[in-house]
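Keep in mind that what you see is a predicted model, and the values were worked out from it rather than measured.
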Amino acid sequence: MSRITDVIVVGSGLGGLMAALAAARAGREVRVISEGMGCLAIGTGCVDLLGYAPDGASVVDPWDAMAQLAPTHPYRLLGAEKVRAALDALTETTARHGLVLRPAESDGKPRNTRVPTIMGTLKPTYLVPDTFEPDDLAKAKRILVASVMGFRDCRPALVIDQLRRYPGWADKDYYPCLIPTPFDDAHRALNALDLARAAERSGGSEWLIGSLKERAEGCDLVLLPPICGRHAASALARELRETVGCPVVEMLSIPPGVGGLRIRDALLKELAALGVEMVENANVISAGIAEGKCLSLDISSTGRNYAVKARAYVAATGGILGGGIQLEAGRASERIFGLDLEMPQDVDAWTEPEIFGTHVVSGLGVSVDDKLRPLDANGALALENVFFAGRTLAGHDPAVEKSGYGVALATGWQAGLAAAELAGASRHNGDAATGGEQ
């Protein structure tokens with residue numbers, strides 16, 4: 001294809017969508033190429049910024065804790081102000097489409113808070129929906145833990161048993177309950193997305209409100225799975241709080257990620273309004289590279305292969321599980337551009353005595369400069385017009401740090417801005433290096 005796009009983003013997770021948003025707002029023509037729905041399809045709807053410090057200590061103020069991170073960590077490469085700018089971009093965008101996200105506060109300062117999950121654990125996170133108020137959890141004494149008949153992922157008795165293990169939660173009074181299913185008995189095993197969609201259909205709010213109102217009488221908090229609507233603008237959580245008579249908190253859930261899909265819904269609406277082209281169910285096979293630049297990407301989609309060209313590229317393809325990083329005997333590499341990743345030669349480094357400790361594989365990724373461009377083994381610039389974002393980056397362990405969405409949105413936003421700037425300069429200079437015609 002001879003047409004040259006300003007910026008091509010590969011990946012439609014949080015990092016990819018934020019990159020597309022940044023580039024589009026900078027006035028660039030943007031195309032997003034994705035094989036699937038990305039990490040938001042399994043996300044909680046909250047944004048983890050930094051839950052645990054390098055020494056394993058729980059973090060209250062993630063901004064202070066960033067100073068303890070290694071210089072190669074994506075947050076340190078960007079700096080706190082750029083991370084804040086990315087957070088602001090996300091919250092402003094989701095709020096425009098009906099989903100208000102904000103941090104909890106203590107003494108007027110933003111902080112992490114711990115949100116209950118359907119497994120009865122407490123997960124540290126930073127941005128939460130505005131329907132969630134941490135003080136409601138602290139003050140509650142009589143808590144209704146609700147689930148739905150046929151929804152096997154959430155067992156109120158298990159949630160209660162686990163919550164009692166936490167200080168401050170053991171002395172509360174819990175009341176487990178199962179509310180009637182909105183489906184008939186022949187329906188398959190339910191998941192949270194089924195129920196969230198049912199709640200948005202005609203009669204859905206009446207089903208949920210009617211099922212909870214009487215059962216919550218005398219309680220000062222209701223915990224339930226994330227079933228208060230599938231879309232960003234769903235007002236059911238607020239309506240529940242008003243009609244039930246006490247705070248209603250959606251617990252974080254295993255996939256499918258209803259909360260993450262709400263964020264995705266808001267971002268896709270914004271990108272559509274900006275004219276961003278979405279190319280779905282497309283797999284990037286390889287890249288055409290010459291003289292330190294990417295000239296094109298080879299795409300396979302709907303039974304045909306073709307090439308696409310851009311002035312700048314953003315790769316937000318995930319880590320090992322997402323397919324952005326490939327492992328083979330004695331070698332790790334980035335999938336699209338074939339970049340070799342640094343691996344320890346000491347075999348002992350591949351073992352970790354702590355089952356939940358940081359393993360060497362967790363930190364594998366592409367090393368980048370402060371503009372998020374890839375570096376080779378000697379620290380030299382490998383590709384001038386390619387920028388990386390999200391889990392593909394080296395220097396962080398999102399599972400242990402609880403930093404995945406924070407790194408994705410911050411690096412995605414900055415990669416998109418950098419790609420937009422480069423694309424603008426390339427357009428101004430006549431595209432001498434792109435190998436194609438406008």
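For the residue pair Leu383 and Cys294, the shortest heavy atom distance occurs at CD2-N, 4.4 Å. The two residues Leu195 and Pro182 have their closest heavy-atom pair at CD2-CD, 3.7 Å. Residue Gly365 comes nearest to Ile325 through the heavy atom pair CA-CD1, 3.8 Å, listed as atom of the first residue, atom of the second, then distance. Contact detail for Ala420 and Ala26: the closest heavy-atom pair is CB-CB, 3.7 Å. Listed here is the closest heavy atom pair of Leu339 and Ala382: CD2-CB, 4.2 Å. Closest heavy-atom contact between Ala419 and Val314: CB-CG2, 3.8 Å.
Shown here are the side chain to side chain contact (heavy atoms under 4.5 Å, CB included) partners of Pro54, two or more places apart in sequence or in another chain: Gln68, Leu69. In terms of the side-chain hydrogen bond (donor to acceptor under 3.5 Å, both in side chains) criterion, Glu242 has no residue partners (sequence neighbours excluded). Arg25 pairs by the side-chain hydrogen bond (donor to acceptor under 3.5 Å, both in side chains) definition with Glu92, Thr93, Glu270, not counting sequence neighbours. Legend: residues meeting side-chain hydrogen bond (donor to acceptor under 3.5 Å, both in side chains) with Glu200, ordered by chain and number and at least two apart, are His231. Applying the side chain to side chain contact (heavy atoms under 4.5 Å, CB included) criterion to Leu417, with sequence neighbours excluded, gives Ala22, Trp413, Gln414. Every residue two or more places apart in sequence or in another chain was checked for a side-chain hydrogen bond (donor to acceptor under 3.5 Å, both in side chains) with Asp376, and none qualifies. The side chain to side chain contact (heavy atoms under 4.5 Å, CB included) test applied to Ala316 returns Ala389, not counting sequence neighbours. Scored by the side chain to side chain contact (heavy atoms under 4.5 Å, CB included) test, Pro256 finds Asn191, Leu193 as partners (sequence neighbours excluded).
Among pairs with a residue in residues 377-394, those fulfilling side-chain hydrogen bond (donor to acceptor under 3.5 Å, both in side chains) read Lys293-Glu384, at least two apart in sequence or across chains. For residues 72-85, every residue pair satisfying the side-chain hydrogen bond (donor to acceptor under 3.5 Å, both in side chains) rule, not counting sequence neighbours, is listed here: His73-Glu401. Note on residues 104-121: pairs passing salt bridge (Lys or Arg N to Asp or Glu O under 4.0 Å), not counting sequence neighbours, are Asp61-Lys109. Applying the salt bridge (Lys or Arg N to Asp or Glu O under 4.0 Å) definition to pairs two or more places apart or across chains, those involving residues 118-132 are Asp48-Lys123, Asp130-Arg238.
Glu29 places no side-chain N or O within donor-acceptor distance of the main-chain N or O of Arg31, the cut-off being under 3.5 Å.
Here Lys371 does not pair with Glu421 in a salt bridge; the nearest charged N to carboxylate O distance is not below 4.0 Å.
Counting heavy-atom neighbours within 6.0 Å of Arg331 CZ, excluding the residue itself, gives a total above 12. For Glu291, the CD atom is loosely surrounded, since the number of other residues' heavy atoms within 6.0 Å does not exceed 12.
Between the CD1 atom of Ile336 and the CG atom of Leu297 there is a distance of 6.5 Å, given to the nearest 0.5 Å. From Leu223, atom CG reaches atom CD of Glu250 across 11.0 Å, with rounding to the nearest 0.5 Å.
Residue Val249 forms a side chain to side chain contact (heavy atoms under 4.5 Å, CB included) with just one option from Ile143, Val222, Leu137, Leu224, and that option is Leu137. Val308 pairs with exactly one of Ile33, Val284, Thr5 by the side chain to side chain contact (heavy atoms under 4.5 Å, CB included) rule, that one being Ile33.
Side-chain atoms of Ser300 and Asn283 form no donor-acceptor pair, as typed in the model, at a separation below 3.5 Å.
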(request) Please assess Leu240 against Cys228 for the test side chain to side chain contact (heavy atoms under 4.5 Å, CB included), listing each intermediate value before the final yes or no. (result) CA-CA 9 Å; Leu240 267 176; Cys228 296; 3.5 Å; yes

